Amino acid sequence: MTRKPIYDQPDLDGFFGRFGGSFISETLAQAVEELHAAYRRYRDDPAFITEFEEELADYVGRPSPVYYARRLSEETGGARIFLKREDLNHTGAHKINNVIGQAMLARRMGKRRIIAETGAGQHGVATATICARYGLECVIYMGSVDIERQRPNVQRMALLGATVVPVTAGSRTLKDAMNDAIRDWVTNVDNTFYLIGSVAGMHPYPTMVRDFQTVIGRECLTQMPVLFKRLGMAKQHPDAVIACVGGGSNAIGIFHPYIEHEGVRLIGVEAAGLGLDTGRHAASIQRGSPGVLHGSRSLILQDDNGQVRETHSISAGLDYPGVGPEHAWLHEIGRAEYVGATDDEALSAFHRLSRVEGIIPALEASHAVAHALKLAASLPREQAILVNLSGRGDKDMETVMARRDSGGQP
Amino acid sequence: MSRLDTTFPRLRQQGRKALIPYVTAGHPDADITPALMHVLVEAGADVIELGVPFSDPSADGPTIQAASEEALRRGIGLQQVFDQVRRFRESDIDTPVVLMGYANPIERYDLLRQPGAFAADAAAAGVDGVLVVDYPPEVSGDLAAQLRRHGIDLIFLLAPTSTERRIRQIAERADGYVYCVSVKGVTGTTTLDIAQVRDTLARIRQHVRIPVGVGFGIRDAGTAREIAQVADAVVIGSWLIESLAGKPAAEALAAASDLIRDVRRQLDKDAPEQDQAFKTEYSKP
Ligand SMILES: Cc1ncc(COP(=O)(O)O)c(C=O)c1O
């Protein structure tokens, strides 16, 4: 990799334009500096890179396939839809890519205790999994609301030997779990590594997590041409890449390698909840404003007093009032577009993909599928849409069944 | 020149240490704050730290979190805080007031008005210092300049984990006093280690020439006295807030008064004999 990348963000202080940075209390400064030093040291270390690649291959099962959803595409009757199958990774979501990278760093830093926040529980499960594999102590912070709606994942974490700490402050969801994880970190800095699950938080997390997740998009760069050739389509890249955006890690993971391919539309799908204009959503980019939360400046949902607002989404993994700073930046420079999918649209896509392709997607990923279905219908057959299917839906059975029982979807 | 710049030299002359209570604005009751501030001063406070409530106070423990959440439910934002300081200033023009809070409400305040609005309005209300928990020196340049223009000090935290490089960096920028966090942890911690505080203070004083206060985890008057023997100021936060929580106004004021009076007595045991005129200053009703 000698060619200077066209897209070269963030700057040395972790800023993507006016977003990003490191807005932390002095009590955390040393821990963050230590992490940063370790990351700088190992990110280009050949032994580190080799080990990371081996872990991804042997333990996660990478590369994950790209699957042409033929029936779904034909039924929709427009552009062809391709699914990047992150749901097939060990532990069932993209989260594990980043977890392995950070856990490898933690080991090299001599930190024996790992803490993490989780919303949907996918990041918590991935973290508990790696801690089991590496023999590290694992403490997961999870909002009590999320514990209720993602029970199977709570059970998995316990089974893997992690301690799940219920968080009852604030809105009792992901953002509050993150606050408590930060408090734990400040208190136990000496032996503890904070393993953040998305491209949010203070510098260098947004960059580091992105770097560990870009394996998704890099694989697509080589997989798509093969598929196109097989299907007799004369193209190298998809016309659009779609991913759901909570904190934004699966989205940046698949977007990033495509940023410099300017013909490729990058579309992030936020949780529109009950509707973008109901105030009951988690669309930080479309309805948020600049603010500082969890250590970085980004777009956040807040009131006029600068208090962070409660969010709503049917999917715990998207129920977050902020977004990774790089997405705020990509939005500002217009390189990526951000749209919404409502709870109902996501549910409908959830059922549709299950019935038509035999793939049960996570509710988070269902948001991306929902938008892909809309977009595909409006485009010609020659066009290709690549969707990051960020996770599988086993964890969401309770939520989906409860909806069905209350007269929702079939 | 802020009121802080006269308070500390005066105390030093008297051979006394500063007592700095921290209360969350709008706690335990929306309107109590100006009265509470007066009571604290009457009981012997030298500086008042007023917490600006924030929805995500990630450097605070359960006590201040709860106080903050309560205040938010009562609709306390920066405008209300300024109003409370203004009302306090109607009958106290001497005691320095330091706002302590998080970056986002301040940034929002300026974004909805104009750059520098926070600093201007804080000054107009009678604020002397501002401590922004999640503004490290690297990102505080603009705010520092705006505050300086209005004679307000930007106050910084230092921690047991602060490296010499960071201590030096903060020493170059800090005004008023430096707030030394006693422990690795959030506010309200119960395990303060005096030896560690001594060690941290020694490292800080190699570079910091302005007064150094110590806070986080001071939960009894005896510890306050021990800390005051090595620091220039002691900050009492969670302990005070716990003593107010859930109480009706009159009881809360009485509890605050008792607590601060007790700490003051302990601190002044180490002060040189005072003349009569000085003593009466603190027994003012
Ligand atoms: C399957 C899945 N997709 C997406 C997300 C959202 O996170 P991010 O936006 O960081 O990819 C989560 C978070 O828990 C998830 O579990």
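Treat the numbers as computed from the prediction; the structure is a model and nothing was measured. The chains referred to below are lettered A, B, ... by the order of the sequence lines, with proteins before strands, and numbering in each begins at 1.
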Heavy-atom pair count under 4.5 Å with chain A, highest-scoring of [options]:
options	value
B:Leu158, B:Asn104, B:Val183, B:Thr161	B:Asn104
B:Pro57, B:Ala59, B:Ala103, B:Ser68	B:Pro57
B:Asp134, B:Thr163, B:Val139	B:Asp134
B:Asp56, B:Val181, B:Leu78	B:Asp56

Quick one: do the [X] and [Y] side chains pair a donor with an acceptor below 3.5 Å?
X	Y	answer
A:Thr187	A:Asp184	no
B:Thr187	B:Asp60	yes
B:Ser162	A:Glu26	yes

Q. Looking only at atom types and distance, does a side-chain atom of A:His281 sit under 3.5 Å from a main-chain N or O of A:Ala283, one as donor and one as acceptor?
A.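 Checking the backbone N and O of A:Ala283 against the side chain of A:His281, a donor-acceptor pair under 3.5 Å is found.
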Q) Between the side chain of A:Lys95 and the main-chain N/O of A:Gly121, is any donor-acceptor distance below 3.5 Å? A)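 Not a single qualifying donor-acceptor pair exists.
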**Q.** ring pair (Phe, Tyr, Trp, His ring centres under 6.0 Å) against A:Phe19, all qualifying residues, sequence neighbours excluded
**A.**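 Result, ring pair (Phe, Tyr, Trp, His ring centres under 6.0 Å) vs A:Phe19: none returned.
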Q.
Applying ring pair (Phe, Tyr, Trp, His ring centres under 6.0 Å), can you list everything that pairs with B:Phe118, at least two apart in sequence or on another chain?
A.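 Result, ring pair (Phe, Tyr, Trp, His ring centres under 6.0 Å) vs B:Phe118: B:Phe82.
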Q. Looking at A:Leu28, A:Asn179, A:Asp176, A:Asp13, which makes the most heavy-atom pairs under 4.5 Å with chain B?
A. A:Asn179
Q. Taking the six-membered ring for Trp, are A:Trp185 and A:Tyr194 ring centroids under 6.0 Å apart?
A.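 When the ring centroids of A:Trp185 and A:Tyr194 are compared, they turn out to be within the sub-6.0 Å range.
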Q | salt bridge (Lys or Arg N to Asp or Glu O under 4.0 Å) assessment of A:Glu326 paired with A:Arg210 | A | CA-CA 9 Å; A:Glu326 191 163 9; A:Arg210 173 195 77 191; 3.1 Å; yes
(Q) Please classify the contact of B:Ile170 with chain A as side chain, backbone, both or neither, using a heavy-atom distance under 4.5 Å. (A) side chain
Q) Non-hydrogen atoms of chain A under 4.5 Å away: do they reach the side chain of B:Arg165, the backbone, both or neither? A) side chain
Q: Side-chain contact test, heavy atoms from C-beta onward, threshold under 4.5 Å: evaluate it for B:Ile236 versus B:Arg219 and give yes or no.
A: no
Q | Proximal to chain A - members of residues 108-115 of chain B, heavy-atom separation under 4.5 Å | A | B:Arg108, B:Leu111, B:Leu112
Q.
Rounded at 0.5 Å granularity, tell me how far CD1 in A:Ile115 sits from CZ in A:Arg183.
A.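 Between atom CD1 of A:Ile115 and atom CZ of A:Arg183 there are 12.0 Å.
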Q) Thinking salt bridges, do A:Asp319 and A:Arg172 make one under a 4.0 Å N-O criterion? A)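 No.
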Q | Side chain / backbone / both / neither for A:Ser22 at chain B, heavy atoms under 4.5 Å | A | backbone
Q. Taking only heavy atoms into account, what residues of residues 285-313 of chain A are found under 4.5 Å from chain B?
A.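 The list, in residue order, reads A:Ser289, A:Pro290, A:Gly291, A:Val292, A:Leu293, A:His294, A:Arg297, A:Ile300, A:Gln302, A:Asp303, A:Asp304, A:Asn305, A:Gly306, A:Gln307, A:Val308.
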Q: Validate the cation-pi geometry between A:Arg108 and A:Tyr42: distance from NZ or CZ to the six-membered ring centre under 6.0 Å, angle to the ring axis within 45°.
A: yes
